[in-house]
Amino acid sequence: MEKEEITPSEWQVMEVLWASDTPLTSSEVYKRMQGNVDMSMRMVRVLVNRLNQKDILGYTVDEHDSRVYHYYVQKQKEECVKEKSRKFVDSYFSGSGTNAMAALLQSFALTDEQIKELEEILKKSKGQNAESSNEKE
C-alpha cells in the first residue's frame with residue numbers, strides 16, 4: 001500500500017530536519033520552528049509521529065532517558081520532491097509531464113539565466129533517457 005504524501009504542515013517539520021546534520025528531538029524541532037511557524041509543541045509531536053508512521057522519519061531512543069526520542073531523516077528532500085511532483089503531474093495533467101512543464105513555463109517570465117538552466121536540465125534529461133534506452137536493448 002502506498003504511503004500518504006507529506007502534508008504542508010509536515011513539510012515544515014521536515015524542512016527543519018532536512019536542514020539539520022544530526023537527529024533532533026521534537027522539542028528541538030519546535031524550538032527551531034519558533035518565529036517562522038505558528039505551531040504548538042503538541043502539534044509538532046503529532047506531526048513527527050505521523051512522519052515516522054509514513055517511514056519518512058526514523059528514531060532512536062535516548063540512552064539516558066527512554067522518554068526522549070531522537071528523530072532522523074529516512075527519506076531525503078529530493079526524493080520527496082520527486083514524489084510530490086509526480087503526484088501533481090498525475091493529478092492535474094493526467095500524467096503528462098510535457099503539459100505540466102508547458103503550463104508552468106507559460107505562467108512565469110523567465111530570465112535568460114533561468115532559460116539556460118532549464119536547457120541544461122533538458123540536455124541532462126535527454127542524456128539520461130538515451131542511457132536508459134541503451135540499457136534496455
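The structure displayed is predicted, hence computed values, not measured ones. Reckoned from all heavy atoms, side chains included, excluding hydrogens, waters and symmetry mates.
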Quiz item: Which residue pairs pass the ring pair (Phe, Tyr, Trp, His ring centres under 6.0 Å) test when at least one of the two sits in residues 108-128, sequence neighbours left out?
Solution: none
Exercise. Starting at CG of L51, measure out to OG of S26 and round the result to the nearest 0.5 Å.
Key: 12.0 Å
Quiz item: So, do Y59 and N52 sit near enough that their side-chain heavy atoms are less than 4.5 Å apart?
Solution: yes
Quiz item: Has K116 got more than 12 heavy atoms of other residues, nucleotides or ligands less than 6.0 Å from its NZ?
Solution: no
Quiz item: Can you name the closest pair of heavy atoms from M39 and L47 and give their distance?
Solution: SD-CD1, 3.4 Å
Quiz item: Taking only residues two or more places apart in sequence or in another chain, which ones pass side-chain contact (heavy atoms from CB on, under 4.5 Å) with L105?
Solution: L110, L118
Could you pull out all donor-acceptor pairs under 3.5 Å where a side-chain atom in residues 9-24 meets a protein atom, sequence neighbours excluded?
from, atom 1, to, atom 2, distance (Å)
E10, OE1, T7, N, 2.9
E10, OE1, T7, OG1, 3.4
E10, OE1, K54, NZ, 2.6
E10, OE2, K54, NZ, 3.2
W11, NE1, E15, OE2, 2.9
E15, OE1, K77, NZ, 3.0
E15, OE2, K77, NZ, 3.1
W18, NE1, K75, O, 3.0
S20, OG, T22, N, 3.2
S20, OG, T22, O, 2.6

Quiz prompt | Non-neighbouring partners of M101 that pass side-chain contact (heavy atoms from CB on, under 4.5 Å), sequence neighbours left out | solution = none
Exercise. With sequence neighbours left out, write down each residue that passes side-chain hydrogen bond (donor to acceptor under 3.5 Å, both in side chains) with K31, or none if nothing qualifies.
Key: none
Quiz item: Can you name the closest pair of heavy atoms from I6 and C80 and give their distance?
Solution: CD1-SG, 3.6 Å
Quiz item: Is Y72 close to T60 at the side-chain level, that is, under 4.5 Å between some pair of heavy atoms?
Solution: yes
Quiz item: Atom CZ in F88, atom CD in E5: separation rounded to 0.5 Å?
Solution: 11.5 Å
Exercise. Apply the test side-chain contact (heavy atoms from CB on, under 4.5 Å) to residues R45 and S40: give CA-CA distance (whole Å), side-chain angles for both, the deciding distance (0.1 Å), then the verdict.
Key: CA-CA 9 Å; R45 283 192 187 114; S40 70; over 6 Å; no
Quiz prompt | Residues which pass side-chain contact (heavy atoms from CB on, under 4.5 Å) with E120, listed by chain and number, not counting sequence neighbours | solution = K123
Quiz item: Does D90 have any side-chain hydrogen bond (donor to acceptor under 3.5 Å, both in side chains) partners at least two apart in sequence or in another chain, and if so, which?
Solution: R86
Quiz item: Can you list every pair that meets side-chain hydrogen bond (donor to acceptor under 3.5 Å, both in side chains) and has a residue in residues 91-113, with sequence neighbours left out?
Solution: S96-N99, T111-Q114
Quiz item: Can you check side-chain contact (heavy atoms from CB on, under 4.5 Å) on V81 and E78, steps first, answer last?
Solution: CA-CA 5 Å; V81 167; E78 295 75 22; 5.7 Å; no
Quiz item: How would you list all residue pairs meeting salt bridge (Lys or Arg N to Asp or Glu O under 4.0 Å) that involve residues 93-102, not counting sequence neighbours?
Solution: none
Quiz prompt | Pairwise salt bridge (Lys or Arg N to Asp or Glu O under 4.0 Å) hits with a residue in residues 58-72, at least two apart | solution = D65-R67
Quiz item: Which atoms form the tightest heavy-atom contact between N36 and R32, and what is the distance?
Solution: ND2-O, 3.9 Å
Practice problem: Just jot down the side-chain contact (heavy atoms from CB on, under 4.5 Å) partners of Y30, sequence neighbours excluded, or say none. | Solution: Q34, M41, V44
Self-check item: Common cluster, L104/V89, ILVMFWY with side-chain heavy-atom separation under 4.5 Å
Solution: no
